**Q** 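The structure's right below; bear with me while I get my questions together.
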Number of protein chains: 2
Amino acid sequence: MAIEDRMATIHEPRMHAMCGHDPEEAELFRSVLSRIGDKWSVMLVGMLHDGPLRFTELKQMTSGISARMLTHTLRQLERDGLVEREMFAEIPPRVVYRSTPLGKSLAVPVMAIAEWASAHQSEITGNRDRYDARDDG
Amino acid sequence: MAIEDRMATIHEPRMHAMCGHDPEEAELFRSVLSRIGDKWSVMLVGMLHDGPLRFTELKQMTSGISARMLTHTLRQLERDGLVEREMFAEIPPRVVYRSTPLGKSLAVPVMAIAEWASAHQSEITGNRDRYDARDDG
DNA sequence: CAGGATCCGTGGTGATACTG
DNA sequence: CAGTATCACCACGGATCCTG
């Protein structure tokens, strides 16, 4: 049995989610995909995976992010329950963010994507270069 | 050993990709994430998983998509080598799209995300409702 | 039939300045 | 320190009309 056929058989029930057959589940699925597809969420969840970090630490580690987007992205992650925010009533203020069990569990399938990307890196870049070099279309 | 610790240990090398330590790999990773995070790509790859389909068939199955976005998304998928396009010189024209082995292989980790979303559906929606109902912040 | 061209609204993202 | 407020930009996505 070919690998593609096994994949289709094993995961057939889940394929419907990808195709949007169940409207509710499809909407949740899409909301999750768009979250991990945004510019900073995965990077932040990854950074918080090993332990809590302060706002400024996250900002320094995440090269290129603005304070505005860091705040905004952390709020979204907090809303989904992927990240917890703890604020200390001190002067100067101190806020630490930590990954929740849900956030850590998300890291598993996300890293499956990372491994897929790594495994097919040259194939993908090759495809893109070939496509961009085409003169037809 | 706790599940979180095992996850961190097993996948630790890949965590760096999520955090963007290797610039090249991080860029590829981000491009893959943003592709599967866009509105239609995953749905189209899912639909083509079981066999080739024509442009109009895809448009009818993908409720709500515009011809413009269908064309555009298929071009992107074709560029990455996730989808193949075959045009027949007939009148009226006929174009079929089919998933490539690369596209079918991507379905595996993507469905891991789908299963994660399904498994944590109530937890996520609960978190969101609770967050939205908060009066602080 | 399978698109291309064009216009346009919205939302994501960054830059800058300001604040408790 | 950890944000908020404001402005500006542009890519994403939809609507409409046109074509080989």
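None of these values were measured; they are calculated from a predicted model. Just the heavy atoms: all of them, side chains too, but no hydrogens, waters or symmetry mates, feed the values below.
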**Q** Between C/dC1, C/dG3, D/dA2, which one does the side chain of A/R54 approach most closely?
**A**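 Minimum distance to the A/R54 side chain belongs to D/dA2.
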**Q** How close do A/N127 and B/D80 get, heavy atom to heavy atom, and via which atoms?
**A**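 Residues A/N127 and B/D80, closest heavy atoms: ND2-O, 3.0 Å.
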**Q** To the nearest Å, how far apart are B/F55 CZ and C/dG3 P?
**A**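 The distance from CZ of B/F55 to P of C/dG3 comes to 5 Å, rounded to the nearest Å.
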**Q** Could you check how far CH2 of A/W40 sits from C1' of C/dG14, rounded to whole Å?
**A** 10 Å
**Q** In whole Å, what is the span from the CZ atom of B/R75 to the C1' atom of C/dA5?
**A**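 The answer, rounded to whole Å, is 14 Å.
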**Q** How many Å lie between NZ on B/K59 and C1' on C/dA2, as a whole number?
**A** 11 Å
**Q** Identify the two heavy atoms, one from B/S99 and one from B/L48, that lie closest to each other, and give their separation to 0.1 Å.
**A**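 Looks like CB-O, 3.5 Å.
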**Q** May I have the distance from A/L70 (atom CG) to C/dA15 (atom P), rounded to whole angstrom?
**A**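 It works out to 14 Å between those atoms.
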**Q** Between the axis at one end of the helix from C/dC1-D/dG20 to C/dG20-D/dC1 and the axis at the other (five pairs apiece), what's the angle to 10 degrees?
**A** 50°
**Q** Quick one: is B/T56 getting a side-chain N or O under 4.0 Å of the C/dC1 phosphate, OP1 or OP2?
**A**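 No.
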**Q** How many whole angstroms separate atom NZ of B/K39 from atom P of D/dA11?
**A**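 It is 19 Å, rounded to the nearest whole Å.
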**Q** Treating Ile, Leu, Val, Met, Phe, Trp and Tyr as nodes and any side-chain heavy-atom pair under 4.5 angstrom as an edge, say whether B/V95 and B/L77 lie in one connected cluster.
**A**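 Yes, B/V95 and B/L77 fall within the same hydrophobic cluster.
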**Q** Can you tell which of D/dG14, C/dG14, D/dG20 lies closest to the side chain of A/S66?
**A**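 Of all the options, the side chain of A/S66 is nearest to C/dG14.
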**Q** If I take atom CD1 in residue A/I65 and atom P in nucleotide D/dA2, what distance separates them, rounded to the nearest angstrom?
**A** 14 Å
**Q** Roughly, in whole Å, what's the span from CE in A/M69 to P in D/dC10?
**A**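 It works out to 17 Å between those atoms.
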**Q** Side-chain N or O of B/R85 less than 4.0 angstrom from OP1 or OP2 on C/dG3?
**A**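 Yes, such a contact exists.
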**Q** Would you say A/W116 and B/S105 are linked by a side-chain donor-acceptor pair, where the criterion is simply a distance under 3.5 Å?
**A**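 Side-chain D/A pair, B/S105 to A/W116: present.
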**Q** Select one nucleotide: of D/dG3, D/dC1, C/dC1, the one nearest the side-chain heavy atoms of A/P92.
**A** D/dC1
**Q** Counting only side-chain N and O atoms of B/R94, is one of them less than 4.0 Å from OP1 or OP2 of C/dG3?
**A**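 B/R94 to C/dG3 OP1/OP2: no side-chain N or O under 4.0 Å.
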**Q** Do the side chain of A/R68 and the base of D/dG3 come within less than 3.5 angstrom through a donor-acceptor pair of N or O atoms?
**A** no
